[in-house]
Amino acid sequence: MALFKKKDIPQSIVDLSSLNLPTHVGIIMDGNGRWAKKRGLPRSAGHTAGAQTFRKIARYASNIGIKYLTVYAFSTENWKRPGVEINALMRLFKDYLNEGLRDFRDDSIVLKFIGDRSAFSKELIELMDENEEISKDRDGMVCNIAVNYGGQDELIHAFKDISEQIESGELSPEDITKELVSDHLYTKGQPDPDLIIRPSGEHRTSNFLLWQSAYSEFVIMDILWPDFKESDFDLALQEYNNRNRRFGGI
Ligand code: FPP
């Protein structure tokens, strides 16, 4: 499988030094199925192309100085898809995990997997653990790959944890604050996303980073994920810079 090396990363189409870069970018990698359908290919071909786009954009984001990137690879609701598509996604994920042990090393990217990994095979769980362990001391961008992730599911896990701590007397109900809830999420210790990009034109969150996106800027783009290029990432950054973020103030 072709790996993108640093030297292959194109230069930005906009003057990034004039932009206020978001610290944390989330991406809903949508449109793989439509991309494949347009070409008369099976949906799995769209996911294969989408996985390549992921590699390319993660590397680009890291190269231009984004500190955190979270990509939505498989949701808690995606299990409803036909078995053949789920198997194709699991195969792609396994390929990536095998490759990830060496891929991204040159880019110093730290890999993390967010979501309920108990639903995956022992082999995949071990590979995720191994990827996290091997990359944890790198000093580059943190790349969260959301797998079997759902914002509602994440909050249910957090509320269960907090309830247990209350039951054991470790916490009292008055201790429940926004910070405490954040500390019980998969993204514990990370800043909330400033910008969430959704290619493929759909206007919904699809259960992605529900708590963390309270004040994220959404940029919806009319392009299917496998076609997404570095220049599209630049355009999203430019659009983000046009936004006036008030966080509820004036
Ligand atoms: C949504 O498009 C995409 C997914 C459910 C899967 C995303 C997965 C990848 C990009 C590849 C795996 C990534 C890694 C980290 C190796 P869709 O299938 O819903 O497209 P559609 O809306 O056009 O049908």
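Atoms within each ligand, like the ligands themselves, are counted from 1 in listed order.
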Trainee: Considering distance alone, does some N or O of L89 sit under 3.5 Å from an N or O of ligand 1?
Mentor: no
Trainee: Taking C-beta and beyond as the side chain, do W211 and V181 meet within less than 4.5 Å on heavy atoms?
Mentor: yes
Trainee: What part of R43 sits under 4.0 Å from ligand 1 if we count only heavy atoms: the side chain, the backbone, both or neither?
Mentor: side chain
Trainee: How about R43 and N32: do any of their side-chain heavy atoms sit closer than 4.5 Å?
Mentor: no
Trainee: Should R117 and E126 count as an ion pair when the cut-off is N to O under 4.0 Å?
Mentor: no
Trainee: For atom 6 (C) of ligand 1, what's the nearest protein heavy-atom neighbour? Residue, atom name and distance, please.
Mentor: A73 O, 3.2 Å
Trainee: For atom 14 (C) of ligand 1, which protein heavy atom lies nearest, and how many Å away is it?
Mentor: F54 CD2, 4.2 Å
Trainee: By number and element, which atoms of ligand 1 are closer than 4.0 Å to a non-hydrogen atom of G33?
Mentor: 17 (P), 18 (O), 20 (O), 21 (P), 23 (O), 24 (O)
Trainee: Do any N/O atoms on R34 end up under 3.5 angstrom from N/O atoms on ligand 1?
Mentor: yes
Trainee: Quick one: look up the protein heavy atom nearest atom 12 (C) of ligand 1 and list residue, atom name and how far away it is.
Mentor: A51 CB, 4.2 Å
Trainee: Looking only at protein heavy atoms, identify the closest one to atom 16 (C) of ligand 1 and say how far it is in Å.
Mentor: Y96 CB, 3.6 Å
Trainee: Look at atom 5 (C) of ligand 1 and say which protein heavy atom is nearest, naming residue and atom and giving the distance to 0.1 Å.
Mentor: N78 OD1, 3.5 Å
Trainee: Could you check whether R81 makes a cation-pi contact with W79, meaning its NZ or CZ is under 6.0 Å from the centre of the six-membered ring and within 45° of the ring axis?
Mentor: no
Trainee: Less than 4.5 Å apart, any side-chain heavy atom of D129 and any of E133?
Mentor: no
Trainee: Should W225 be counted as touching ligand 1, given the test is an N or O pair under 3.5 Å?
Mentor: no
Trainee: In the structure I gave you, are the side-chain heavy atoms of N144 and H24 within less than 4.5 Å of one another anywhere?
Mentor: yes
Trainee: With the side chain counted from C-beta on, respond yes when I57 and K229 share a heavy-atom pair under 4.5 Å apart, and no when they do not.
Mentor: no
Trainee: So E85 and H47, do their side chains get closer than 4.5 Å, heavy atoms only?
Mentor: yes
Trainee: Could you find the nearest protein heavy atom to atom 10 (C) of ligand 1 and give me its residue, atom name and distance?
Mentor: N32 ND2, 3.4 Å
Trainee: For ligand 1, is any non-hydrogen atom under 4.0 Å from R81's backbone (N, CA, C, O), its side chain (CB onward), both, or neither?
Mentor: side chain
Trainee: Please could you name the atoms of ligand 1 that H47 approaches to less than 4.0 Å, counting only its heavy atoms?
Mentor: 4 (C), 6 (C), 11 (C), 18 (O)
Trainee: Can you pull out the closest protein heavy atom to atom 1 (C) of ligand 1? Residue, atom name and distance to 0.1 Å, please.
Mentor: M29 O, 3.3 Å
Trainee: A side-chain contact here means heavy atoms from C-beta on lying under 4.5 Å apart; do E77 and K80 qualify?
Mentor: yes
